Amino acid sequence: MRKKVVAGNWKMNLDIEQGKKLVNEILAGMPQLGDEHKVIICPPFIHLQQTAQLTVAANRVYTGAQNCYTEASGAYTGEVSAAMVKSTGALFVILGHSERREYFNETNEMLAKKVNTALENNLQIIFCCGEPLEIRDACTQNQYVEQQIIDGLFHLDAEQLSHVTIAYEPIWAIGTGRTATTEQAQDMHAHIRSVIAGRYGKEVADSTSILYGGSCKPSNAPELFACPDVDGGLIGGASLNAADFHGIINAMVEQ
Ligand code: PGA
């Protein structure tokens, strides 16, 4: 059976002390997680080592980065490699978040390279996809998201894909308070799963976790997570507040 996952994406928030406090609060109130659950905390790079150390003893709670660079090392001022991320104790990396695609011009081609370097360094990947509003309005979101997945992931074999969790985040729902309806989320998640089945077969598709992201909060998480193809969430704003994050984790556990 595929895993259920709640991942918190802190984005560019919190200094070292604030980060430590939040991780401790998250751990202190963590609901009982089962074998089928994972919680992943994804802070900015500066927090990774501290977060990995704080979470190492916690059951089924892991640390992830929000990005890594395409290259292994060298003269790339300001960048951080997958090997460096791994050396902090982090086990995951988010790749292809829409903010990286939009503000830092990350292309599908670059993301395919980042996917490779992450896997070469034994990082698990949360691979983001999702359409902007004009694509949704033109009703071409299925083709748009399918292309992101083909370009970013379809060079992998099935074993490599087993290290990838997909996060569907409609850009028009991120940080806007406007959540996708459960029907919109379920339709896209089912589409993504069928695209994976077309390339890798049903068994692989059925074991791939697909998370929803975009204004997910304790109040809407239960109905979103109840959708048969929604396997949890990638949480932005609500992951910065321990009580809200717990509420969303509870929604996963209570499914
Ligand atoms: P949000 O962000 O929950 O604040 O909408 C989600 C994300 O971008 O990962």
Side-chain angles (χ1 to χ4, degrees), residues 4-14 18-19 22-23 26 38-45 47-48 51 61-68 85 90 92-106 111 114-115 118 123-133 135-136 141 144-145 148-149 152 164-182 184-185 188-189 192 209-225 227 230-252:
K4 296 200 178 287
V5 181
V6 168
N9 172 13
W10 291 5
K11 308 194 179 182
M12 195 178 75
N13 290 293
L14 308 186
Q18 293 166 329
L22 179 56
V23 173
I26 290 170
K38 270 186 210 167
V39 171
I40 308 166
I41 301 174
C42 303
F45 288 125
H47 298 270
L48 286 177
T51 306
V61 183
Y62 307 95
T63 299
Q66 297 172 15
N67 182 30
C68 70
V85 168
F92 287 80
V93 62
I94 299 172
L95 293 177
H97 190 280
S98 62
E99 288 150 17
R100 299 294 319 172
R101 293 177 189 262
E102 186 180 347
Y103 306 140
F104 303 96
N105 304 316
E106 293 197 1
L111 289 169
K114 290 189 177 197
V115 162
L123 288 170
Q124 309 271 327
I125 295 167
I126 300 174
F127 184 85
C128 301
C129 56
E131 80 285 357
L133 187 57
I135 296 288
R136 171 66 59 170
Q141 68 272 9
Y144 186 92
V145 168
Q148 288 178 321
I149 290 180
V164 178
T165 295
I166 293 174
Y168 168 61
E169 301 201 301
I171 297 174
W172 44 272
I174 296 178
T176 58
R178 181 179 162 189
T179 320
T181 64
T182 49
Q184 287 170 325
M188 179 59 83
H189 282 232
I192 292 170
S209 299
I210 307 176
L211 316 183
Y212 169 80
S215 300
C216 189
K217 32 187 192 277
S219 57
N220 59 26
E223 56 174 356
L224 283 162
F225 295 177
C227 298
V230 176
D231 306 310
L234 179 54
I235 319 300
S239 73
L240 292 168
N241 176 292
D244 287 347
F245 199 48
H246 289 147
I248 294 168
I249 295 166
N250 271 320
M252 165 179 76

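Both backbone and side-chain heavy atoms feed into the values below; hydrogens, waters and symmetry mates do not. Numbers here simply count residues along the sequence, with the first being 1. Only a predicted model underlies this, so the values are computations on that prediction, with no experimental measurement involved. Note that ligands are numbered from 1 as they come in the structure, with each ligand's atoms numbered from 1 the same way.
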| said: Quick test: of every protein heavy atom, which one is nearest to atom 4 (O) of ligand 1, and how far off is it to 0.1 Å? | reply: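 Answer for atom 4 (O) of ligand 1: Gly237 N, 2.8 Å.
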| field | Part of Asn9 within contact of ligand 1 (heavy atoms, under 4.0 Å) | value |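 Answer for Asn9: side chain.
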Side-chain atoms of residues 244-252: list all donor-acceptor pairs with protein atoms under 3.5 Å, sequence neighbours left out, distances to 0.1 Å.
from, atom 1, to, atom 2, distance (Å)
His246, ND1, Ala242, O, 3.1
His246, NE2, Ile26, O, 2.8
Asn250, ND2, His246, O, 3.3

| Atoms of ligand 1, numbered as shown, that sit under 4.0 Å from any heavy atom of His97 |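 Checking each atom against His97, I get 7 (C), 8 (O), 9 (O).
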| field | Distance-only donor-acceptor check, side chains Glu169 and His97, under 3.5 Å | value |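 Per modelled atom types, Glu169 and His97 side chains form a pair under 3.5 Å.
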| request: Check whether any side-chain heavy atom of Val6 lies under 4.5 Å from a side-chain heavy atom of Phe225, and answer yes or no. | output: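 Sidechains of Phe225 and Val6: in contact.
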| Rounded distance (nearest 0.5 Å) linking atom CD1 of Ile235 with atom CD1 of Ile40 |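 These two atoms lie 11.0 Å from each other.
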| request: Over 60° means perpendicular and under 30° means parallel, so classify the ring planes of His189 and Tyr168, tilted if in between. | output: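 Correct class here is perpendicular.
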| request: Decide yes or no on salt bridge (Lys or Arg N to Asp or Glu O under 4.0 Å) for Arg136 and Glu131, but give the supporting numbers first. | output: CA-CA 7 Å; Arg136 171 66 59 170; Glu131 80 285 357; 2.9 Å; yes
| request: Measure the distance from atom 9 (O) of ligand 1 to every protein heavy atom, then report the residue, atom name and distance (to 0.1 Å) of the closest one. | output: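 Protein heavy atom with the smallest distance to atom 9 (O) of ligand 1: Glu169 OE2, 2.7 Å.
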| Ligand-side contact atoms (ligand 1) for residue partner Ala173, heavy atom cut-off under 4.0 Å |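 With Ala173 as reference, the close atoms of ligand 1 come out as 5 (O).
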| query | Given that the side chain starts at C-beta and the backbone is N, CA, C, O, which of these parts of Ser98 lies under 4.0 Å from ligand 1, counting heavy atoms, or is it both or neither? | reply |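 Neither part.
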| query | Is there a heavy atom in Gly213 that sits closer than 4.0 Å to ligand 1? | reply |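 Outside the 4.0 Å threshold, so no.
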| Under a heavy-atom criterion of less than 4.0 Å, does Ser215 contact ligand 1? |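 Ser215 counts as a contact of ligand 1 under the 4.0 Å cut-off.
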| message | I'd like the name of whichever of Gly175, Pro170, Gly236, Cys42 reaches closest to atom 5 (O) of ligand 1 through any heavy atom. | response |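 It is Gly175 whose heavy atom sits nearest to atom 5 (O) of ligand 1.
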| task | Apply side-chain contact (heavy atoms from CB on, under 4.5 Å) to the pair Cys42 and Trp10, showing each step before the final yes or no. | result | CA-CA 6 Å; Cys42 303; Trp10 291 5; over 6 Å; no
